[in-house]
Amino acid sequence: MASTALPPALATRSIPFPFSGHRRLIYSPADLVPKSIGGSNRFFQPYRFRYRLLHVASEQQIKDPVSEEGCQDALSSSVYDASTIVSNILYHAEITPSFSAGHLHLPKAYFATAESVRDELMKNWNATSSYYEKLNMKQAYYLSMEFLQGRALLNAIGNLDLTGQYAEALRKLGHKLENVAGQEADAALGNGGLGRLASCFLDSLATLNYPAWGYGLRYKYGLFQQTITKDGQEEVAESWLEIGNPWEVVRHDVSYPVRFYGKVVLGSDRRKHWIGGENIRAIAYDVPIPGFKTKTTLNLRLWSTKVPAKDFDLEAFNAGKHNQANEAHANAEKICYVLYPGDESAEGKILRLKQQYTLCSASLQDIIASFERRSGNSVNWKEFPSKIAVQMNDTHPTLCIPELMRILIDLKGLSWKEAWSITQSTVAYTNHTVLPEALEKWNLELLQKLLPRHVEIIEEIDHELINNIISEFGIQDLSMLEQKLKDMRILDNVDFPDSVVELFSKAKAISEVKSEKKLLVKSLELTTDEASENSGNMDVAEEVSDVANSEGQLEEDEDSTSADLSWLKSSPKLQKVVRMANLCVVGGHAVNGVAEIHSDIVKKDVFNSFYRLWPDKFQNKTNGVTPRRWIRFCNPELSKIITKWIGTEEWVVKTENLEELKKLADNEDLHIEWRAAKTSNKMKVVSLVREKTGYIISPDAMFDIQVKRIHEYKRQLLNILGIIYRYKKMKEMSAQERISSFIPRVCIFGGKAFATYVQAKRIVKLITDVGATINHDPDIGDLLKVVFVPDYNVSIAEILIPASELSQHISTAGMEASGTSNMKFAMNGCILIGTLDGANVEIRQEVGEENFFLFGAQAHEIADLRKERAEGKFVPDPRFEEVKKYVRSGVFGPYNYDELMRSLEGNEGYGRADYFLVGKDFPDYLKCQDKVDEAYRDQKRWTRMSILNTAGSHKFSSDRTIHEYARDIWSIQPVPLP
C-alpha cells in the first residue's frame, strides 16, 4: 500500500484510536506499515469507547443510562500533540479514504484532517448527549430553514484549542493549515442573516453549556452558486456534497414517516385518522457543534428525504417508462434539493410547503420520541412544556403548531384543550421582518390538498381565536371589533362563522332602524295625531330593544359598524389564505423581534392588535454574532492585539471585557499595531479580489464594503449611484483636482440576488458594468475601484470583514429587522455608514454617535414621505437626476437600464415611485460620504474611531442574546458536563 513518508522525527510510538466494535488499522510511524489492532501488538491496546450519541429512532426506543464515572472517562482530555495528530491524519488518509491511496494531496489532506478532528469531537459529542439523557432536564430545540455554518475545520480546532497542534502536524506533512482548510466547501445550508444567526446561536448555546439542538434540512444543491458573466448574475447548483461531507454522520436508525395529500377519516375509536396519500421518510444527518474550550458539543440534525427501494417501479422501468418508474424517488428526494425553490409556479409552491412540513413533522416526531424515552414508563404529557422548548426561527416552521396538535390529539389521545395548552406553552416565535411579502401567506386550497388534517386544526384554532377576540374586546364598539377581526384572523378571505355574521347583521339592523327613527323625528311636526305617532315610534323602539338585548347592549350609534357587511364573506376574486405569522402569534407563548426598533414596529404596527390583547407575549431579543468565528478565528492578528492590551483572552467568551479598549483609544502604540493588523488583512483581500475577479486593487485605498443579500430595501442601488456620481465628478476634474478632492477607495460588493428577483439582478448587472468601466479607466487609476466579489459566502466574509474600513448598512429606515453583518463589521473595528434602521440604532448608541456616519430619513417619517411622493410633491435633487441621466447615456455599456431607473421615477404604481426612497436620501448620503472622506484623511482620528467600534461592539455577542432567550423564553439552565 502506497503511503506518504513521514520525517524521521515522527518515528515514535503509535497512538491508539478511539473506535470500538471493529478491527481497525493504525499507523506505526516507525515503519509506516498499517498494523491490525486485535492481534499481537505490544504498542497498542484496543480502546473501547463506551458511549454513543443517543438517537431517537421511530421504530425502536432504547434506554441507555450512563454513569457519572462513564461520562467523566469519555471526557477525559487526550494527549494531543502534533505527532499524535499526524498519526491520526495518516490513519484516515489510508484507512477511511475518500481518495486513492498514495500521495497526500490537498483534498485528501483536508478529508483526513477533518475526520481526525471529528474523532476528537465524537467523544464529547456522545458524552454530551448521554449526560443530557441521564439528567432529563429541559432542552431547547431551534428549528430553522437555514443554518449558514461556513467552513467547519478551523472553527472546530479553534474551539478545541488545537489550532497550533494541527498547524504543526500539517507542516510536518508538507502542508499549511490555511491551505488545507481552504479545500473545504462552505455548507450550502443557508443564504443570509437568518441562517447565519441560527449558526451563531448554536455556537453560543454550546459555548455557554445550554442544552439544545438545532433542526434543519440537508439541501443537496443549496440556494445556488453565483457566477458573474457579461450578462450579469447566473446561477448553477452548489456542489458542496459532491465528494461528501466529513462532518456529518448519517443515522440510518433515525427516520420518520412524513405524509402528504390523502384524506381524513373518523375511526372507530372516535379519533381523526389521516390516511392515504404520498408517504416519504425523513432520514437524520447529524453535525457536531462544539463549544469554545468546553466539553459541551451539541447536535445539528438535518433531514434528508427518500422512499424505500420497493417504491421503485421495476416493471415500468423495464417497459421503458423510466421517469414513471423513478417518480416516487424523485418526488421524495427533490424536497431537499434546493433552498427556497422558485415559487411562482404551483409546483414550486407545493415544494416549498413540503419542505416546511418535512422540517416540522420530522423534528417534532424526534422531539416527542425523545420525551417519551426519557420519561420511561411514566409519560406525563402535562410535563412536556417543562421539558421541551421549541423556537421557530421566522414563519417557515409555523406548521409546528398544527403538527404538534395533530400528534397529541390523533396519535397520543389527548383532548383539544390539553393539546392546545401544551402547544402554546411549548412553542415560541421569532419575527424577522416587517416586509409584507415576507410574512408568509399560504393558499388555503393548496394547504387543504397537501395537509388536510392540518387545515382542520387551523380552522378550529381560527374559530377559537374569533370567539376570543369577541370576548376580549366586547361588542360595544363594533367598528373597532370589525377591524380587530380583520387584522387578527388566521384565515383571510374566508367566510366568518354564522354566529359572527348574525352578530353584525343584527347590529346593521339596529343601525338602520335608528336612522329611520331619526329621519321621522326630524321630518314630522307635532300635531293632534302626536299620541298616535308616539305610539308607533314606541313599537319600533321596542323592536330595536329586543334585537339589541339579544346581543347584549350594542352601542347605539349608527356609525358603530360598517353598513356593508361583505367583508364577512369571502370574495371569489381573491385567494383564500392562511396567515402564518398570525398563527405563530396565536399558537405560541412568546413573540420576539430582533432589535429594539424592530420590536417596537412589531408591537406598534405589524402585530398591534395582538399586542393590545396579549402584551406580555411580546419581547425584544437584539441579535448577536459569535465572537469566536467573527473575530477570534477570522481575525487572529487583531485578536492577539486585543488580548495583549487588555491583558486577558477572556473577552472571547465575555465580550464586556472589550470595553477596556475605550481607555486605550488614544494610545499611539496601540494605533500603530491596530493599523498594521488592518493592513495585513487588506493584503489578504487584495489576493482574494485578484483570484475571484482578476482586478488588482491597492491596499493603500480605503476599503468600502457592502456585502449582503441583494434587495431593493437594502439599497445597493443607492451605493452604486453614489459611486457613479463620484466617478462623474472625477471625470470632470483635472488629475490634480481629483487627488485633492477624493481619497482613494476600493468599493467592494457581494451578495446573491434571488434567481427570480429581476430588479435585484439588474442591480448586480449595473454594479458589474460600472466596475468594468471604472476599473479600466486610466484617468482614474487607483483613485476608485469597484469590485463585485462573486458567490459571497461565510468564508469570503471571513476575509473581507477583518479588512474593512467602511461598511455600508443603508437600508430604508424601518425595513431591516436587525442585520448581523453590521455587528461583525463593528466588532472588527470597521466604521459604519448607515440609516437609523435595525441594530444600527443600538450600535450607534454603543460605539458613540461620533463614531458612526448617519444619514437618511427616519422610520417614523417614511409613511409621510411616501404619501408626499404619491401626491406629486416630491422634488428630486438635481444631482440625482444627473446620475440617472448618466446611467442612461450608455457610458457603462449597451445594457438598457431604463427599467431600473424608472423604478425611481413616477408617483405611483407597482415597481415605480421610488418606494425605497433612494432619491429622497441621495443628497444626504452624498453629504455623509464627504464626511467619511474628511475623517479618513486624519488617520489618527480614524484609528481611534475603529478602536471604539470594537470596544462598543461587546453588546452584540450572540452569547448575550442566548442568555436572554434562555432566561426569558425557554426557561433553560446551563448544564456543564462534569
Side-chain angles (χ1 to χ4, degrees), residues 675 678-679 681-683 685-690 692-706 716-749 766-789 800 803-808 830-831 833 853 855 877-895 897 922-943 945:
R675 284 195 292 266
K678 185 66 71 174
T679 300
N681 288 321
K682 289 171 76 174
M683 291 304 301
V685 172
V686 171
S687 299
L688 174 75
V689 168
R690 186 168 189 173
K692 297 289 186 181
T693 70
Y695 291 133
I696 298 172
I697 59 175
S698 170
D700 297 325
M702 174 202 285
F703 280 15
D704 171 355
I705 299 178
Q706 187 181 21
Q716 286 92 349
L717 184 55
L718 175 60
N719 187 353
I720 194 62
L721 291 177
I723 292 169
I724 292 169
Y725 181 79
R726 190 181 187 91
Y727 173 63
K728 186 174 185 297
K729 294 299 109 179
M730 285 181 177
K731 292 293 286 182
E732 294 168 357
M733 295 177 179
S734 66
Q736 190 59 43
E737 287 173 328
R738 289 185 203 120
I739 293 171
S740 61
S741 299
F742 297 100
I743 61 162
R745 281 205 202 196
V746 177
C747 301
I748 299 175
F749 293 82
L766 178 60
I767 293 168
T768 56
D769 280 352
V770 170
T773 300
I774 294 176
N775 298 345
H776 294 97
D777 191 330
D779 292 339
I780 303 303
D782 287 336
L783 200 55
L784 182 62
K785 297 290 186 185
V786 179
V787 176
F788 190 98
V789 179
L800 292 179
S804 61
E805 293 172 288
L806 180 75
S807 182
Q808 307 218 21
C830 178
I831 293 94
I833 179 172
F853 294 104
F855 76 96
D877 187 278
R879 293 168 292 181
F880 188 60
E881 296 301 292
E882 182 182 348
V883 165
K884 290 190 295 176
K885 184 177 179 181
Y886 197 54
V887 170
R888 283 174 162 137
S889 71
V891 68
F892 301 114
Y895 186 85
Y897 284 106
F922 188 73
D924 199 18
Y925 178 69
L926 295 182
K927 182 179 179 181
C928 195
Q929 288 285 11
D930 290 340
K931 293 178 182 178
V932 172
D933 280 6
E934 178 185 352
Y936 194 77
R937 286 191 177 93
D938 183 350
Q939 279 295 294
K940 183 177 180 180
R941 175 190 172 192
W942 190 271
T943 304
M945 294 171 71

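The structure displayed is predicted, hence computed values, not measured ones. For the single chain, residues carry numbers from 1 onward in sequence order.
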Atom [atom1] of [X] and atom [atom2] of [Y]: how far apart are they, to the nearest 0.5 Å?
X: Arg937; Y: Met702; atom1: CZ; atom2: CE; answer: 9.5 Å
X: Phe749; Y: Asn719; atom1: CZ; atom2: CG; answer: 3.5 Å
X: Thr768; Y: Leu766; atom1: OG1; atom2: CG; answer: 8.0 Å
X: Leu926; Y: Tyr725; atom1: CG; atom2: OH; answer: 6.5 Å
X: Ile780; Y: Ile774; atom1: CD1; atom2: CD1; answer: 7.5 Å

Measure across Asp782 and Pro744 and return the closest heavy-atom pair with its distance rounded to 0.1 Å. O-CB, 3.7 Å

Between Thr693 and Val787 the two heavy atoms that sit nearest each other are CG2-CG1, 4.0 Å

Below 4.0 angstrom, N of the basic side chain to O of the carboxylate: do [X] and [Y] qualify?
X: Lys885; Y: Glu881; result: no
X: Arg879; Y: Glu882; result: no
X: Lys729; Y: Glu732; result: yes

Answer whether the closest heavy-atom distance between the side chains of [X] and [Y] falls below 4.5 Å.
X: Val689; Y: Val685; result: yes
X: Asp779; Y: Tyr727; result: no
X: Val932; Y: Arg745; result: yes
X: Asp704; Y: Ile833; result: no
X: Lys785; Y: Ile696; result: no
X: Ile767; Y: Ile723; result: no
X: Leu721; Y: Val887; result: yes

Counting distance only, does the side-chain N/O of [X] pair as donor-acceptor with the main-chain N or O of [Y] below 3.5 Å?
X: Lys682; Y: Ala701; value: yes
X: Tyr925; Y: Gly722; value: no
X: Glu805; Y: Phe703; value: yes
X: Ser740; Y: Glu737; value: yes

Apply ring pair (Phe, Tyr, Trp, His ring centres under 6.0 Å) to residues Phe892 and Tyr886 and explain how you reach the verdict. CA-CA 9 Å; Phe892 301 114; Tyr886 197 54; 5.7 Å; yes

Take a 6.0 Å sphere around NZ of Lys692 and say whether it holds more than 12 heavy atoms from other residues, nucleotides or ligands. no

Around Arg941, counting heavy atoms of other residues, nucleotides and ligands shown, do more than 12 lie under 6.0 Å from its CZ? yes

Suppose we call two aromatic rings close when their centres sit under 6.0 Å apart. Are Phe855 and Phe853 close by that rule? no

